[in-house]
J.: 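The structure's right below; bear with me while I get my questions together.
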Amino acid sequence: MIYGLLTAPLCGYAQTSKIEEASDVIFQSSAQTVDLSPVDGNYSTDMHQSECHKFNAMNLILPGAMMTVGVFGIKNKAFRKLNTEIKNGMDNLRGGHFFHADDYIQYFPAVAYLTLGSVGIKSKHSIKERVAVEATAYMTMAALTNAGKYAFNEKRPDSNAKNSFPSGHTATVFTGAELIREEYGLGFGIGAYSIAVGVAFLRLYNGRHWLNDVIAGAGVGILSARIGCWMLQLYRQWFKWDNSSSNIIAISPGYDYKESTFSVNLAYTF
């Protein structure tokens, strides 16, 4: 069902190529402001309104179906039996060997969505538009995920914590995967979705979630990414964005040794 998404027709864009000038900006210090004129220039300007960002009710079918299946699995006896069988199978497969790479891999597509256009990969939108789309998508994802956790109080397979549904890790990685598919095309989308499916599997393997949790999480992620894309046309109107304008940006990676977490610091002048 997830890979069925990947065969959907890609959106058309009227393209005007520019020279990429931002490949080394990732390694700039966050204390500096780097003047790039233009920033992330290797993108295609929209001479016509992109079909990707027009609301289409048909694009609600897949994420809506996945979220519905997830909710159905909470109370349905047959689905709960399937959940238990999968959990037991994963327990046997895992033994005592956990693999917590999913805690970090979940963020890879989100970082790639912002940075691929700055290392020579042709993107459909400028960096400021990608930042706006991603911020909207992840705020939507966080709201939907937390609403589900508070509303359903589903107990986790490995503890008494009642915040299992839907899977936040899965929602996070699928949001990024769908954004990459929309922005960079099917080839990169397949790679991003492969990572997303791997994270969903690891949530089951590590005993952190039930099957219906990850199905619903994937649906939340895909829906959130599409909402982020749909909002872009409104942002263009509200903020009078012009793709051809020059921008000032500073991007730097960061690592918190105490929390063992990665981050990307970004400063942008519109």
Side-chain angles (χ1 to χ4, degrees), residues 1-6 8 10-11 26 40 43 52-53 59 62-63 66-67 70 100-119 121-146 148 166-204 208-209 213-232 235 251 253-255 261-266 268:
M1 179 165 59
I2 294 172
Y3 277 96
L5 170 70
L6 305 181
L10 298 179
C11 305
I26 298 175
D40 197 38
Y43 66 90
C52 288
H53 301 103
N59 289 333
L62 177 63
M66 297 174 79
M67 293 164 68
H100 293 296
D102 48 322
D103 290 335
Y104 308 100
I105 298 174
Q106 62 173 319
Y107 302 114
F108 283 8
V111 174
Y113 172 73
L114 290 180
T115 59
L116 281 176
S118 298
V119 293
I121 306 301
K122 182 174 289 185
S123 59
K124 294 174 181 176
H125 302 94
S126 66
I127 182 68
K128 71 180 177 183
E129 291 184 331
R130 297 203 302 275
V131 168
V133 169
E134 184 166 270
T136 302
Y138 277 98
M139 285 190 290
T140 302
M141 182 276 297
L144 292 175
T145 299
N146 285 295
S167 168
H169 283 60
T170 307
T172 297
V173 72
F174 271 84
T175 299
E178 176 64 5
L179 288 174
I180 287 178
R181 187 194 71 83
E182 287 277 12
E183 186 69 23
Y184 301 103
L186 184 60
F188 285 97
I190 290 174
Y193 267 94
S194 297
I195 293 173
V197 171
V199 168
F201 171 78
L202 286 175
R203 298 312 285 166
L204 299 174
R208 294 294 290 159
H209 283 286
D213 296 341
V214 299
I215 292 175
V220 168
I222 294 170
L223 176 62
S224 299
R226 291 180 177 175
I227 290 174
C229 289
W230 291 334
M231 288 296 295
L232 180 56
Y235 295 150
I251 303 177
Y255 182 74
T261 57
F262 290 95
S263 64
V264 175
N265 303 310
L266 183 146
Y268 188 83

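In this text, all values refer to a predicted model and were calculated from it rather than measured experimentally.
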J.: Just verifying a value: how many Å separate Y113 OH and R130 CZ, rounded to the nearest 0.5 Å?
T.: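 So the gap between those two atoms works out to 7.0 Å.
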J.: State the CZ-OG1 distance between R208 and T170, to the nearest 0.5 angstrom.
T.: 11.5 Å
J.: Once side chain to side chain donor-acceptor pair (under 3.5 Å) is applied, do any residues pair with D103, and if so which ones, sequence neighbours excluded?
T.: H169
J.: For the residue pair L179 and V133, establish whether any side-chain heavy-atom pair is separated by less than 4.5 Å.
T.: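 When only atoms from C-beta onward are counted, V133 and L179 do touch, with a gap below 4.5 Å.
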J.: What pairs of residues pass the salt bridge (charged side-chain N to carboxylate O under 4.0 Å, His left out) test when at least one of them lies in residues 106-119, not counting sequence neighbours?
T.: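 Matches after skipping sequence neighbours: none remain.
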J.: For I222 and M66, run side-chain contact (heavy atoms from CB on, under 4.5 Å): C-alpha distance rounded to whole Å, both residues' side-chain angles, the deciding distance at 0.1 Å, then the answer.
T.: CA-CA 10 Å; I222 294 170; M66 297 174 79; 4.1 Å; yes
J.: Just wondering, do D213 and R203 contact through their side chains at under 4.5 Å, heavy atoms?
T.: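 Heavy-atom side-chain distance check fails, nothing below 4.5 Å.
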J.: Which heavy atom in F174 sits nearest to a heavy atom in A200, and how many Å separate them?
T.: CE1-CB, 4.4 Å
J.: Taking C-beta and beyond as the side chain, do L114 and E134 meet within less than 4.5 Å on heavy atoms?
T.: yes
J.: Looking only at heavy atoms, which two atoms of T136 and A132 are closest? And how far apart?
T.: OG1-O, 2.9 Å
J.: Starting from the C-alpha separation in whole Å, work towards a yes-or-no answer on side-chain contact (heavy atoms from CB on, under 4.5 Å) for F108 and V199.
T.: CA-CA 11 Å; F108 283 8; V199 168; over 6 Å; no
J.: Please identify each residue that fulfils side chain to side chain donor-acceptor pair (under 3.5 Å) with T140, with sequence neighbours left out.
T.: none
J.: Between atom CE of M141 and atom CD of E178, what is the distance when rounded to the nearest 0.5 Å?
T.: 14.0 Å
J.: What closest approach, in Å, do A216 and M67 show between heavy atoms, and which atom pair accounts for it?
T.: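 Residues A216 and M67, closest heavy atoms: O-CG, 3.9 Å.
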J.: With sequence neighbours left out, write down each residue that passes side chain to side chain donor-acceptor pair (under 3.5 Å) with T175, or none if nothing qualifies.
T.: none
J.: Mind listing the closest non-hydrogen atom pair of H209 and P166 along with its distance?
T.: CE1-O, 4.2 Å
J.: So, taking the atom named CZ in F188 and the one named CG in L116, what distance separates them when rounded to the nearest 0.5 Å?
T.: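 Here the rounded value is 5.5 Å.
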J.: If I take atom NZ from residue K122 and atom OH from residue Y184, how far apart are they, to the nearest 0.5 angstrom?
T.: 13.0 Å
J.: Write down the atom of Q106, the atom of G168, and the distance for their closest heavy-atom approach.
T.: OE1-O, 4.4 Å
J.: Evaluate the side-chain contact (heavy atoms from CB on, under 4.5 Å) criterion for residues H100 and D102: first the C-alpha distance (whole Å), next the side-chain angles of each, then the deciding distance (0.1 Å), finally the verdict.
T.: CA-CA 5 Å; H100 293 296; D102 48 322; 4.3 Å; yes
J.: Starting at CD1 of I180, measure out to CD1 of I190 and round the result to the nearest 0.5 Å.
T.: 12.5 Å
J.: Would you mind listing every salt bridge (charged side-chain N to carboxylate O under 4.0 Å, His left out) that reaches into residues 168-177, with sequence neighbours excluded?
T.: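 Checked against salt bridge (charged side-chain N to carboxylate O under 4.0 Å, His left out) - neighbours excluded - no pair reaches residues 168-177.
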J.: Any non-hydrogen side-chain atom of E129 less than 4.5 Å from a side-chain atom of Y235?
T.: no
J.: To check you understand the geometry: which heavy-atom pair defines the closest contact between R181 and R226, and what is its length?
T.: NH2-NH2, 4.1 Å
J.: Suppose the criterion is salt bridge (charged side-chain N to carboxylate O under 4.0 Å, His left out): which pairs have a residue in residues 186-196, not counting sequence neighbours?
T.: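 Every candidate salt bridge (charged side-chain N to carboxylate O under 4.0 Å, His left out) pair involving residues 186-196 fails, so no pair, neighbours aside, qualifies.
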J.: Indicate yes or no: at least one non-hydrogen side-chain atom of Y138 is less than 4.5 angstrom from one of S224.
T.: no
